[in-house]
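A short worksheet on the structure shown next.
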2 protein chains.
Amino acid sequence: MTTATLKPQAAAPARRSFREQMHLAREDAIVSAVNRLLAEKGFEAMTVDEVAAEVGIAKASLYKHFPSKEDLAAAAMVRVMNRALAFLDELEANPQVTDPYERLRAVARWTMQVQLAGEMPSLPSENSTLRAALTTNKAYVDGLVSVSDRLGAWITASQASGRLNPQLPPIAVLYTLYARACDPVLGFLKGAGLYSDEQIIEMVLVTCFDGLRAR
Amino acid sequence: MTTATLKPQAAAPARRSFREQMHLAREDAIVSAVNRLLAEKGFEAMTVDEVAAEVGIAKASLYKHFPSKEDLAAAAMVRVMNRALAFLDELEANPQVTDPYERLRAVARWTMQVQLAGEMPSLPSENSTLRAALTTNKAYVDGLVSVSDRLGAWITASQASGRLNPQLPPIAVLYTLYARACDPVLGFLKGAGLYSDEQIIEMVLVTCFDGLRAR
DNA sequence: GTCTATAAATGGATAGAC
DNA sequence: GTCTATCCATTTATAGAC
């Protein structure tokens, strides 16, 4: 506003775009730090000071970008939701994986890879202030609904084709897949130090789809 | 000490036993409150003030019984571990359930029942101060080892008898069973409001042992 | 051992200069 | 928008009277 009255406007559009890109880059760095810390120690144990320190800016600057700690966490959840949507797109574009059942397996595998990479933010489902921030975040809710719808279609298709147990309610299958994102078995097995990440994922994938029982 | 020089000792043994019983009863009330709060909101979100309020005593009195918040949590874990051991005893004494595979199923079911009843304390595995309190707690460590050993025996027996997938490392099976204690799917499905607790447990039991895949 | 009162530290959030 | 400095509520833990 004030600069407009003092400076020529020729370069204004480009400059504003540049500034906005810087702005977005900074916010991306913030969300990355939040994402990592949420994956590492969870929402309650993560402090805003830590986030600021990891990004390398002052805490007050953080609050210029995000109005509260809850919004920081919500931004991280939006990002991971978008990553999930991008993966689903990739999967649908992949001619090698067209069977819905195989796609569900691929989703579960991806989910666990993200968790083992320390990039899966996990939030407590009980915290009410956090739930409020999430349920009022349109980007998050829309993303969650979109992911659920697409997975839901694959689930019912897999049940129709006879590869997935048709006795299980689709919602139970959906939640079971979601739960792989925070399955503590991955961390337990990693802590045992006996298996590689790939081996761990394959084992949990087998127990998830084939069960503990012998076939 | 001082009372000993002032009062006759005839009734001392009984009286001391009574006092000790009161002491234990109070500690039991404390651990119950901690157990409930840990199940409801987790370690970080639980405050010592809440515990004191729920028990109905002053916070300072709490610290006469337990030296730190971590020790409170450890006591709750010891208690649930003892409950688990008692259940294993019960199971071994039950002539109706002698097959190791059925025993493992029963353990998983019990674990989920406890969680759905809001009585399963859950701790973050990352918190270092908490890990220190747990790993230095002999009662807890011994209980955990004992439970793991007994389950481990049933696991290998079930694999030998061909009911449990022999390709899975026993430790992976063990961790998978432990993970039912904090499986978020139970809470998700409960939140959906479509199924009874018994139905929820049966569904998760099926997915755990039979897998999502059709048989 | 129970209480009231308080210390000591932390953490979320903001004021105000630049 | 970034910083320093600070506010204020909360939280773990303790002091000291009874």
Side-chain angles (χ1 to χ4, degrees), chain A residues 1-3 6 15-31 33-34 37-38 40-76 123-124 127-130 132-133, chain B residues 1-4 6 15-31 33-34 37-38 41-76 123-124 127-130 132-133:
Chain A
M1 302 286 244
T2 47
T3 56
L6 296 174
R15 217 184 140 205
R16 207 178 114 186
S17 165
F18 174 75
R19 278 201 173 174
E20 269 183 6
Q21 253 188 318
M22 287 297 96
H23 184 84
L24 287 179
R26 165 118 332 163
E27 291 205 340
D28 192 67
I30 294 172
V31 177
V34 171
L37 287 166
L38 281 182
E40 180 189 328
K41 46 207 309 184
F43 179 75
E44 326 272 359
M46 177 188 82
T47 72
V48 180
D49 294 79
E50 281 173 328
V51 177
E54 181 145 331
V55 179
I57 63 176
K59 185 163 55 167
S61 305
L62 257 190
Y63 278 95
K64 299 283 181 180
H65 290 272
F66 298 91
S68 75
K69 185 186 176 185
E70 282 76 17
D71 288 275
L72 281 174
L123 304 181
N127 189 317
S128 58
T129 95
L130 194 48
Chain B
M1 300 284 244
T2 47
T3 55
L6 296 173
R15 209 174 152 217
R16 206 177 115 188
S17 165
F18 173 74
R19 278 202 173 172
E20 268 183 6
Q21 253 186 321
M22 289 295 96
H23 184 83
L24 287 180
R26 165 121 327 166
E27 292 205 338
D28 192 68
I30 294 172
V31 176
V34 171
L37 287 167
L38 281 182
K41 47 207 307 182
F43 179 75
E44 326 271 0
M46 176 188 82
T47 72
V48 180
D49 294 79
E50 280 174 328
V51 177
E54 181 146 332
V55 178
I57 63 176
K59 185 164 53 169
S61 304
L62 258 190
Y63 278 96
K64 298 283 181 180
H65 289 273
F66 299 92
S68 75
K69 185 185 176 184
E70 282 76 17
D71 287 276
L72 280 174
L123 305 181
N127 188 316
S128 58
T129 95
L130 195 48

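Below, chains carry the letters A, B, ... as their sequence lines are ordered, and counting in each starts from 1. Excluded from the calculations below are hydrogen atoms, water molecules and symmetry mates; all remaining heavy atoms, backbone and side chain alike, are included.
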- Message: With the threshold set at under 4.0 Å for non-hydrogen atoms, list the residues of residues 63-74 of chain A touching DNA chain C in residue-number order.
- Response: A:Tyr63, A:Ser68, A:Lys69

- At their closest point, which heavy atom of B:Ala52 faces which heavy atom of B:Leu62, and how far apart are they? N-CD1, 3.7 Å

- Message: How many whole angstroms separate atom CG of B:Leu62 from atom P of D:dA15?
- Response: 17 Å

- Item | B:Phe43 to B:Pro124 - nearest heavy-atom pair and separation | CB-CD, 3.8 Å

- Query: Is it true that B:Lys41 and A:Glu44 make a salt bridge, defined as a side-chain N closer than 4.0 Å to a carboxylate O?
  - Reply: no

- Query: So which of residues 43-53 of chain B are in contact with DNA chain C, with a heavy-atom cut-off of under 4.0 Å?
  - Reply: none

- Message: Among residues at least two apart in sequence or on other chains, which ones pass side-chain contact (heavy atoms from CB on, under 4.5 Å) with B:Ser128?
- Response: none

- Output the distance between atom CG (A:Leu37) and atom CD (A:Glu50), rounded to the nearest 0.5 Å. 5.5 Å

- Item | Whole-Å distance separating the CD1 atom of B:Ile57 from the P atom of D:dA13 | 15 Å

- Task: May I have the step-by-step check of side chain to side chain contact (heavy atoms under 4.5 Å, CB included) for A:Glu40 and A:Met46, ending in yes or no?
- Result: CA-CA 9 Å; A:Glu40 180 189 328; A:Met46 177 188 82; over 6 Å; no

- Task: In sequence, state the C-alpha distance, the side-chain angles, and the governing distance for B:Leu38 and B:Leu72, and then conclude on side chain to side chain contact (heavy atoms under 4.5 Å, CB included).
- Result: CA-CA 10 Å; B:Leu38 281 182; B:Leu72 280 174; over 6 Å; no

- Message: Testing the basics here: between B:Leu130 and B:Asn127, what is the closest heavy-atom pair and its distance to 0.1 Å?
- Response: N-OD1, 3.1 Å

- Item | Partners passing salt bridge (Lys or Arg N to Asp or Glu O under 4.0 Å) against B:Glu27 (at least two apart in sequence or in another chain) | none

- Interface limits on DNA chain C, where chain B has a heavy atom under 4.0 Å of a nucleotide atom: C:dG1 to C:dT4

- Item | salt bridge (Lys or Arg N to Asp or Glu O under 4.0 Å) involving B:Lys59 - partner list, sequence neighbours excluded | B:Asp49

